[in-house]
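Following: one structure in structure tokens, then a few remarks.
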Number of protein chains: 2
Amino acid sequence: MSDYFRNTVIKKLNNGDFDCTKEFTVSMFSGKHKLLILWILINNGPQGFSYFKKNLKGISKKVLSNQLNELIDDQIIFKQDFFTGKVRHTEYQLTAVGKSLIPIIVALNDWGENRLKQVMLVKKFNSDL
Amino acid sequence: MSDYFRNTVIKKLNNGDFDCTKEFTVSMFSGKHKLLILWILINNGPQGFSYFKKNLKGISKKVLSNQLNELIDDQIIFKQDFFTGKVRHTEYQLTAVGKSLIPIIVALNDWGENRLKQVMLVKKFNSDL
DNA sequence: CTGAATCCCATTAGATACTG
DNA sequence: CAGTATCTAATGGGATTCAG
């Protein structure tokens, strides 16, 4: 992702540069895994750290941690801790702000699925020649 | 952006790994400036290279070129060249695929504007204390 | 179990110069 | 005008280590 980019946008906002709405919006989504994380939360409900680790194939703990923290900073998700004895379990959930993204994320996902089908059809057609 | 990420997704698709719809979708949008580029095309119609250069504050020619080419590769926009004598002018336009993104981009932008207003209100409130 | 800190290398962005 | 080529500096990701 782009911590640098996010920080740049945050600085701009703090300096009263309101002319960066689009950059702001992009900064909310930049990060390879954020859409996946949100998708999981939308479809499977609140989940813990290890659930994401298992389901986001190939993601490292560091990157996952970064992405989750950025989403928390942006108030799109929040975290709760539970203890079983000394063992900590966590649960990440969508905030109200995060929930307001659901229609967009669903639309984005639908678009991606349809587009992927198109791409695959073209590929198949070409290989059938 | 992430040429690396895009290439990874493309490789996966070529290897028959269809289990990366979300990654595919994200790869379409990854890139700080793509949303801005599309936003310009949606609102201001077809534009040339220098128009983007002027309006995407701080973007370098190299990065702009990359972003435009990725969008072309993904068949979201296409390019036409015109010559006035030996001087080349270009025009980038949305394809049908690109146009299918308009509702999503508009929704994304609306969301971003509203969210930014919220953020600003909170900031103002805090500074008024 | 969750997650922060560190080290190191791959990738990307920016500046500059050059071409058709 | 619209890029491409090249070089360098800044960033980001992965692996490992450590801690609550």
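In this structure, Q75(A) has no side-chain hydrogen bond (donor to acceptor under 3.5 Å, both in side chains) partners at least two apart in sequence or on a different chain. With sequence neighbours left out, D81(B) forms a salt bridge (Lys or Arg N to Asp or Glu O under 4.0 Å) with no residue at all. Y51(A) is linked by a side-chain contact (heavy atoms from CB on, under 4.5 Å) to I40(A), N44(A), Q47(A), N55(A), counting only residues two or more places apart in sequence or in another chain. Residues meeting the salt bridge (Lys or Arg N to Asp or Glu O under 4.0 Å) test with K86(B), sequence neighbours left out: none. Every residue two or more places apart in sequence or in another chain that forms a side-chain contact (heavy atoms from CB on, under 4.5 Å) with N43(A) is listed here: W39(A). By the side-chain contact (heavy atoms from CB on, under 4.5 Å) test, I72(A) pairs with N69(A), I77(A), K79(A), Y92(A), sequence neighbours left out. Looking at residues two or more places apart in sequence or on another chain, you find a side-chain contact (heavy atoms from CB on, under 4.5 Å) between T8(B) and Y4(B), K12(B).
For R88(B) and dT19(C), the CZ to C1' distance is 10 Å, given to the nearest whole Å. Rounded to whole Å, atom C1' of dG3(C) lies 15 Å from atom CD of E70(A). In this structure, CG of L64(A) is placed 17 Å from P of dG12(D), rounded to the nearest angstrom. For the pair H89(A) NE2 and dG3(C) P, the computed distance is 12 Å after rounding to whole Å. Rounding to whole angstrom units, NZ of residue K61(A) and P of dA19(D) are separated by 14 Å. The CZ atom of R6(A) sits 11 Å away from the P atom of dG12(D) (whole-angstrom rounding). Atom pair N7(A):CG and dA10(D):C1' shows a separation of 14 Å (rounding to whole Å applied). What separates OH of Y4(A) from C1' of dT11(C) is a distance of 16 Å, to the nearest Å.
Backbone-only contact: N69(A) has heavy atoms under 4.0 Å from sugar-phosphate atoms and none from a base.
If one axis is set at each end of the helix from dC1(C)-dG20(D) to dG20(C)-dC1(D) from five pairs, those axes are 50° apart, to 10°.
Residues of residues 72-87 of chain B that place a heavy atom closer than 4.0 Å to DNA chain C do not occur. Proximity of residues 44-54 of chain A to DNA chain D (heavy atom under 4.0 angstrom from any strand atom) is not detected for any residue.
Under a 4.5 Å side-chain heavy-atom cut-off, the cluster of Ile, Leu, Val, Met, Phe, Trp and Tyr residues that includes L129(A) is completed by F125(A).
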Name each donor-acceptor pair under 3.5 Å that joins a side chain in residues 97-116 of chain A to protein atoms two or more places apart or in another chain, with its distance.
{"residue": "S100(A)", "atom": "OG", "partner": "V97(A)", "partner atom": "O", "Å": "2.5"}
{"residue": "S100(A)", "atom": "OG", "partner": "W111(B)", "partner atom": "NE1", "Å": "2.9"}
{"residue": "W111(A)", "atom": "NE1", "partner": "S100(B)", "partner atom": "OG", "Å": "2.9"}
{"residue": "N114(A)", "atom": "ND2", "partner": "D110(A)", "partner atom": "O", "Å": "3.4"}
{"residue": "R115(A)", "atom": "NH1", "partner": "Q118(A)", "partner atom": "OE1", "Å": "2.7"}
{"residue": "R115(A)", "atom": "NH2", "partner": "D74(B)", "partner atom": "O", "Å": "3.4"}

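With dG20(C), dA4(C), dG14(C) as the candidates, the nucleotide lying closest to the side chain of V63(B) is dG14(C). Of all nucleotides listed (dG12(D), dT4(D), dT17(D)), dT4(D) comes nearest to the side chain of S65(B). Distances were taken from every side-chain heavy atom of K62(A) (C-beta onward) to each of dC1(C), dT4(D), dT6(C); the shortest belongs to dT6(C). Of all nucleotides listed (dT2(C), dG14(D), dT11(D)), dG14(D) comes nearest to the side chain of S60(A).
Between F78(A) and L94(A) the shortest heavy-atom distance is CE2-O, 3.6 Å.
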Could you please spell out the steps behind the side chain to side chain contact (heavy atoms under 4.5 Å, CB included) verdict for R88(B) and F82(B)?
CA-CA 6 Å; R88(B) 176 171 38 151; F82(B) 303 96; over 6 Å; no

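At a threshold of 4.0 Å, the pair E23(A)-K32(B) does not count as salt-bridged, since none of the basic side-chain nitrogens sits closer than that to a carboxylate oxygen.
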